[in-house]
A.B. asks: 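There's a structure below that I have some questions on.
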Amino acid sequence: MEHVYLVCYDISDQKRWRKIYKTMKGYGAWLQLSVFQCRLNKEDLLKMTDTLTEIMHCDEDNLIIIDIGVAETVSFKVASYGRPFQPIKHSAVVI
Amino acid sequence: MNHTAPLIPVRIVNEYVYCPRLAYMMWVQGEFAHSADTVEGKIRHKRVDKPGGRHPETAGEDTGEIHARSVALSSEHLGITAKIDLVEGQGRKVQPVDYKKGKRPHVAAGAYAPERVQVCAQGLLLREHGFEAGSGILYFAGSRERVRVEFDEALVAETTRAIEGLRTDSAKDKPPPPLMDSPKCARCSLIGICLPDEIGFLAQQREDIRPIYVRTENAFPLYVQSPASYVRKDGGQLVIEEKREKIAEVRLKDTSQVVLFGYCGMSTPALHECFRRQLPVTYMSYGGWFIGHGMGTGHHNVQTRTAQYRASFNEQTCLNLAAGLIQAKIQNCRTLLRRNWKASDDAGDKAPPQLLGALKSDMQQAGRAVSVQTLLGVEGSAARRYFEHFVFMISPQKNEETQGFDFSGRNRRPPRDPVNALLSFAYAMLVREWTVALSAVGLDPYRGFYHQMRFGRPALSLDMMEPFRPLVADSTVITAINNGEVSKKDFITTAFGCNLSPRGRKAFIAAFERRLSQEVTHPVFGYRLSYRRLFEVQARLLIRYLTGEVKEYPTFVTR
Ligand code: SF4
């Protein structure tokens, strides 16, 4: 079962920040500077957390993962100004 | 004791005590499904598995303290092998420590039988190597508790019995039957492969089926058909470019397969990553010819293929399967006509009863066919009947508006009109989808039962898709036309035939995908699932039929 997560991080080193950003692109949609929106099952959450905590330095950096709820059923209100906010939807991609 | 038999890892012995069928599928058939548990286990092991400390190869004079991580031991005599998380002790007196995630269960014996047997097997290995191991420890990381397990006579006997039982089972060519009504199945990572309730149902051992294994799909295909596009890998994503400009990106974790049309390119790193993740990559021509596909190292289940080949030499089995599939196809064609009949001048607003009657008798004849030859004849006349009336499922308005969809029968290679072009394309998409589904479960798509005579084509895919031609391919064609998703301007007609334009192809693939995601009720088992999941279930049921675990292959018909 998938949950929606908000992943936010503070990384004090540019190089590590890039690494984290790149890793996160594989797990979710970029929202803001250091904020991602993700839709993950338990396995992906474990893998993501493992990779992130291996890159970051626990004494200098910070990582917050907020569980918003079950992806299929959760409804959350988002006010977004400037850029529109789009929840993650899974479907086939035809290009 | 057979010394050529491979050594059994003790974690498989653990699975055997949990369920003998599970151990068989993992050990003999090489089945493996990732679950949160296995991922967590792997991450934990990655961190524990840094070999360190002293290696107690064999007990020696040394009386020093022992604290060794990740110790690999095996014994030909016991026939098992293990990687022990931790061995601790003093001199010759040691105990194996096995890390478990989660909390200590509150049961009388301190832990469940599979874990106790597993650590005891590790103890036996240590004894075999000259140590004295009177007990072991299960360390439950979730509650940070150590549970001592005494290797008393009863446990040692249970462990030896389990190793022996597993060895005997492994020599058989069929897995042990599934557990009946067991709560263990709900927690089993191989439930979608094992199909315990479905098999129980088909063997008439149970009435209702828990649709617990039907998991929602979280990953979907990526189709790249736009000419001159290129797929490359960027971290955990696939990036699609056109003329070196990024036009789209998809996350690999949300992708189930990649389909490339025409000369779309894909970089080798992207291809490697797909193979590493066991994502199939298939190639099709622009016109929809299935050119080929790849999928990493493929499936390890040789036993499944052996059963498939063996059955394919048995004429009666071939005929039974073929007759069932063709009968189901005719029945589904009939249902499609009945449901989608459109009013028009020269026909009423209901499918003519004579037509439905004729198709019904075709169906019955197919079921009774005494040879593949007669079956081919019945199939041919049913198909003629069906395609003669196919046009009545297309809305007359659309037909007039576009003046393009007059259709008087099937023609192919090359298709000469838009409807035939769509049908050919849809069948090619369906062959591809089945080829991927069959390869993924370990069957050989090229060895069929009905289509066996036609050389060089994925015969089993063609067999298995028969009942789904009307339900998935034809129905998508009708819907796409009637909804106006494709119209006459989406086709390019030349002296060489009629083909979809890139825009038309894109719209049609989207319609086809929508159809595959639509949920239907399984007529035998009664639960709902998408067509795509249904293909997988049908493919796995075919395996169960071929290995003799169920008496009949349940074909899919819709009501
Ligand atoms: S689903 Fe049930 S019967 Fe099948 S392997 Fe798992 S535990 Fe055994």
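We name chains A, B, ... by the order of the sequence lines, and we start the count at 1 in each one. Note: hydrogens, waters and symmetry copies are ignored here, and every other heavy atom, side chains too, is used.
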A.B. asks: Considering all heavy atoms of both residues, which atom of A:H90 and which atom of B:F220 are nearest to each other, and what is their separation?
C.D. replies: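 In this case the closest contact between A:H90 and B:F220 is CB-CE1, 3.7 Å.
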A.B. asks: Does a sphere of radius 6.0 Å around CD in A:Q32 hold more than 12 heavy atoms from other residues, nucleotides or ligands, not counting ones at 6.0 Å or beyond?
C.D. replies: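 Open: at most 12 neighbouring heavy atoms sit under 6.0 Å from CD of A:Q32.
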A.B. asks: Does any backbone or side-chain atom of B:L252 lie under 4.5 Å from a heavy atom of chain A? Answer side chain, backbone, both or neither.
C.D. replies: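 Nothing of B:L252, per the 4.5 Å heavy-atom cut-off to chain A.
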A.B. asks: Heavy-atom count around A:E60 CD within 6.0 Å, excluding the residue itself: above 12?
C.D. replies: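 Yes, the 6.0 Å shell around CD holds more than 12 heavy atoms from other groups.
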A.B. asks: Looking at every heavy atom in both B:R251 and A:K25, which two are closest together, and how far apart are they?
C.D. replies: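 Result for this residue pair: CG-O, 3.3 Å.
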A.B. asks: Side chain, backbone, both or neither: which part of B:S226 has a non-hydrogen atom closer than 4.5 Å to chain A?
C.D. replies: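 Answer is both: backbone and side chain atoms of B:S226 are under 4.5 Å from chain A.
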A.B. asks: In terms of heavy-atom pairs under 4.5 Å, which option from A:N41, A:D44, A:T23 contacts chain B the most?
C.D. replies: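 Of the candidates given, the most pairs with chain B belong to A:D44.
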A.B. asks: Identify which part of A:L45 has an atom lying under 4.5 Å from any heavy atom of chain B, answering side chain, backbone, both or neither.
C.D. replies: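 For A:L45, there is no contact with chain B at all, as no heavy atom is under 4.5 Å.
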A.B. asks: Please classify the contact between B:E242 and chain A as side chain, backbone, both or neither, with a heavy-atom cut-off of under 4.5 Å.
C.D. replies: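 The answer is neither part of B:E242.
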A.B. asks: Please state whether the side chain, the backbone, both or neither of A:A29 comes within less than 4.5 Å of a heavy atom of chain B.
C.D. replies: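 Backbone plus side chain of A:A29, per the 4.5 Å heavy-atom cut-off to chain B.
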A.B. asks: Is chain A contacted by the side chain of B:E513, its backbone, both, or neither, given a heavy-atom distance below 4.5 Å?
C.D. replies: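 Looking at B:E513, just its side chain touches chain A.
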A.B. asks: Quick check: do A:L40 and B:K253 have side-chain heavy atoms less than 4.5 Å from each other?
C.D. replies: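 Yes. Closest side-chain heavy atoms under 4.5 Å.
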A.B. asks: Can you see which heavy atom on A:V94 is nearest to which on B:K506, and at what distance?
C.D. replies: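 Looking at all heavy atoms of both residues, the shortest contact is O-CE, 3.4 Å.
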A.B. asks: Heavy-atom pairs under 4.5 Å with chain A are the metric here; pick the option from B:D254, B:I247, B:I509 that has the most.
C.D. replies: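 Among the listed options, the one with the most contacts to chain A is B:D254.
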